[in-house]
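What follows is a single structure, written as structure tokens, with notes after it.
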Amino acid sequence: MVLKARYSINPQDVPRYSGLTGRKLNIAVSVIATSGFLLFGYDQGVMSGIITGEDFNNYFPQTKGNATWQAFVTAIYEIGCLFGAIFSLIFADKVGRRRSIILGAAIMVVGVVIQVTAYTGYSPMAQFLVGRVVTGVGNGINTSTIPTYQAECSRSHNRGLLICIEGGVIAFGTLIAYWLDYGASYGPPGLTWRFPIAFQVVFGLIIVVAMVWLPESPRWLLSKDRTEEATVVLAALSGQPREHEDVQLQLAVIMDSIRVSGQATGSSSYSSLFTGGKTQHFRRMMLGISSQFFQQIGGCNAVIYYFPLLFQQSVGTTHSLALLLGGVNMIIYAAFATTSWFVIEKVGRRRLFIIGSVGQSAAMILAFACLIPGTSSAAIGAGVAFFVYIGFFGATWLPLPWLYSAEISPVKTRARANAVSTISNWLWNFTVVMFTPPFVAASPWGAYLFFAVVNASFVPVIYFFYPETARRSLEEIDLIFAKGFTENLSYVKAAKQLPQMTEQEAQVMAREYGFVSEDEESGGKGWGEKGDVSPGAGGVQPVVGGGV
């Protein structure tokens with residue numbers, strides 16, 4: 001198999017990848033996964049300071065003073081991301097999490113090279129647009145895959161934190177892009193836009209090289225009936241020998257979950273995304289889709305992509321001052337993005353979703369109210385509103401949809417459901433990025449009234465339909481939906497009633513809901529039996545020096 005990650009066994013019989021095991025290996029996985037979202041954030045922000053720059057407009061005259069072209073050049077990237085997410089929907093279960101991430105980062109590097117080599121006389125606009133699309137394809141693959149990879153390599157007590165860190169560093173990537181744009185704006189012609197775009201290659205190469213040495217998702221390996229390799233990965237992530245009781249228990253619980261989902265081997269069918277019953281695949285997919293839809297239609301990228309443009313058009317600042325204020329806004333964005341890291345498991349997903357919706361709606365109300373008079377002094381209040389909005393967004397809606405959509409679906413449909421939710425993200429991302437400049441040009445305050453109403457509408461949907469998943473293992477989340485369906489409860493209520501469980505307790509309840517066959521319960525060989533998965537037993541032999 002291509003691109004195998006090699007491992008070794010230390011004297012304590014614990015598997016190691018690149019010499020790392022346990023906490024150090026978990027940190028390495030998180031750092032590289034985080035780098036993928038740092039690149040995502042950088043890509044989101046890099047065009048903000050370029051699209052209205054004099055040098056860029058002279059090089060690509062179609063964008064000069066033309067709001068539609070400015071929107072198109074920026075938004076075409078989202079079309080590429082959409083194609084990348086569709087690729088993940090079709091092929092992610094076959095390719096695997098790890099190789100998908102390597103492929104996505106490599107494609108992004110290729111797209112960057114295409115963009116920065118656009119020169120006058122050789123259809124520069126067409127080449128630049130093609131490069132934007134190619135880069136988007138790579139980012140679409142990565143944003144569909146990285147949260148799933150992180151969720152499947154993490155334990156329940158830190159999964160929320162790790163994926164929130166991923167989402168939060170989007171803000172840090174955008175912060176880097178804004179200030180790099182600002183610094184490059186004082187450089188010579190050509191460098192002002194080529195260098196900020198070319199800088200993406202740094203992040204892309206880090207991801208490609210590092211992921212070659214990291215393990216595959218253990219849950220994906222088990223879904224392919226590659227038990228030996230999954231045992232090695234779980235042992236390495238746990239920092240324990242493969243025969244250790246905790247490793248074997250994790251294997252049993254995950255395999256029970258895979259068995260009930262109907263994905264004992266091979267890829268899931270597309271039709272499985274639309275099933276109900278105890279597993280509630282369709283409902284869970286729709287929760288992920290709706291969270292990504294809400295994130296985008298709430299207006300985040302109207303502020304992130306176009307902050308300098310909004311300040312120039314709505315508030316009336318110079319281009320240089322707009323770039324500077326945009327950089328300050330991104331500092332606030334990054335600072336608030338870290339708050340979710342400390343409260344995500346204590347406060348929970350539902351409360352943060354609701355707090356963010358209310359705060360974003362209030363900020364947009366302030367923005368449109370201050371823009372109605374049409375005076376520069378009143379418009380300053382709108383500028384303050386943009387800062388308030390980005391603070392609430394960074395702390396809540398920035399990381400939460402990536403976490404929620406990655407953890408809410410079961411292992412059978414997780415890759416495809418997460419890909420579909422990411423498709424929703426990029427489709428509405430494109431829509432918002434495309435309509436914002438013309439909307440603002442036609443009605444300086446109307447766009448913000450629209451976003452205020454939309455954000456307010458999120459609250460009842462979240463309150464009635466979003467079950468809490470904080471401090472739950474991925475297998476416990478399966479039980480929430482089984483409980484709701486079996487006992488005819490709302491799934492929000494089922495989540496409240498279901499107590500926090502250990503892995504052993506989750507396995508017992510899985511049997512109560514019929515998630516484990518009678519043969520397994522009576523001691524026969526099955527997915528839930530340790531004797532079936534222990535190294536050296538049931539046909540599974542110890543592996544040394546192999547690869548995943």
Side-chain angles (χ1 to χ4, degrees), residues 13-15 21-22 25-26 97 148 151-159 215-266 268 278-279 407 409-414 471-483 498-543 548:
D13 198 31
V14 177
T21 189
L25 180 59
N26 279 277
R97 320 302 192 222
T148 300
E152 293 183 345
C153 290
S154 306
R155 301 296 292 270
S156 60
H157 68 275
N158 64 1
R159 182 185 66 247
E216 179 57 87
S217 156
R219 285 174 170 85
W220 180 82
L221 291 169
L222 285 171
S223 75
K224 301 301 177 185
D225 201 19
R226 292 162 61 177
T227 309
E228 298 176 28
E229 297 164 277
T231 305
V232 170
V233 176
L234 283 172
L237 290 170
S238 300
Q240 297 168 326
R242 289 164 292 178
E243 299 85 355
H244 194 280
E245 182 180 357
D246 287 349
V247 174
Q248 296 305 316
L249 180 59
Q250 285 184 65
L251 276 170
V253 171
I254 295 169
M255 294 166 88
D256 284 348
S257 175
I258 291 171
R259 184 177 181 83
V260 71
S261 72
Q263 196 191 11
T265 60
S268 60
K278 294 177 184 178
T279 54
E407 68 183 4
S409 289
V411 66
K412 178 178 183 179
T413 60
R414 185 171 296 128
R471 300 178 301 281
R472 299 285 193 180
S473 69
L474 298 176
E475 288 68 41
E476 277 183 277
I477 295 171
D478 292 342
L479 295 176
I480 289 173
F481 288 91
K483 179 180 177 68
L498 190 72
Q500 298 288 325
M501 291 180 286
T502 63
E503 289 177 331
Q504 294 93 331
E505 291 169 340
Q507 192 174 33
V508 170
M509 182 163 283
R511 288 192 170 99
E512 291 177 3
Y513 284 121
F515 280 12
V516 183
S517 69
E518 291 182 3
D519 287 342
E520 291 171 22
E521 288 191 85
S522 62
K525 285 187 177 181
W527 288 102
E529 287 295 306
K530 283 186 190 178
D532 193 39
V533 295
S534 298
V540 180
Q541 303 298 324
V543 183
V548 177

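We're numbering straight along the sequence, starting at 1.
- Residue R219 holds its CZ atom at 10.0 Å from CG of L251, rounded to the nearest 0.5 Å.
- Without hydrogens or angle criteria, R414 side chain to S409 main chain gives a donor-acceptor distance under 3.5 Å.
- To the nearest 0.5 angstrom, L479 atom CG is 4.5 Å from M501 atom CE.
- When all heavy atoms are compared, the tightest approach of L249 to Q507 is CD1-OE1, 3.8 Å.
- Contact of the Q500 side chain with the R472 side chain is registered, since non-hydrogen atoms from C-beta on lie closer than 4.5 Å.
- A side-chain donor-acceptor contact under 3.5 Å links E216 to the backbone of R97.
- Here L234 contributes atom CG and D246 contributes atom CG; the two are 11.0 Å apart, rounded to the nearest 0.5 Å.
- In this structure, P410 and D478 approach most closely via the heavy-atom pair CB-OD1, 3.5 Å.
- Within the 4.5 Å cutoff, side-chain heavy atoms of D225 are placed close to those of T227.
- The two residues C153 and N26 come nearest to each other via the heavy atoms O-OD1, 3.6 Å.
- Closest approach of V247 and P241 over heavy atoms only: CG2-O, 3.6 Å.
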Query raised in the report: Does the pair L221 and V232 meet the rule for a side chain to side chain contact (heavy atoms under 4.5 Å, CB included), with working shown?
Result: CA-CA 10 Å; L221 291 169; V232 170; over 6 Å; no
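- Inter-residue side-chain proximity for L25 and P215 is flagged as met; some heavy-atom pair is nearer than 4.5 Å.
- For K278 (side chain) and Y513 (main-chain N/O), a donor-acceptor pair under 3.5 Å exists by modelled atom type.
- In this structure a side-chain-to-backbone donor-acceptor pair under 3.5 Å is present from Q248 to R242.
- A pairwise comparison of heavy atoms in W220 and E152 identifies N-OE1, 4.0 Å as the closest pair.
- Residue T279 comes nearest to F481 through the heavy atom pair O-CB, 4.4 Å, listed as atom of the first residue, atom of the second, then distance.
- Atoms CG and NZ, from L222 and K224 in turn, are 12.0 Å apart once rounded to the nearest 0.5 Å.
- For the atom pair NE2 (H244) and OG1 (T231), the distance works out to 14.5 Å, reported to the nearest 0.5 Å.
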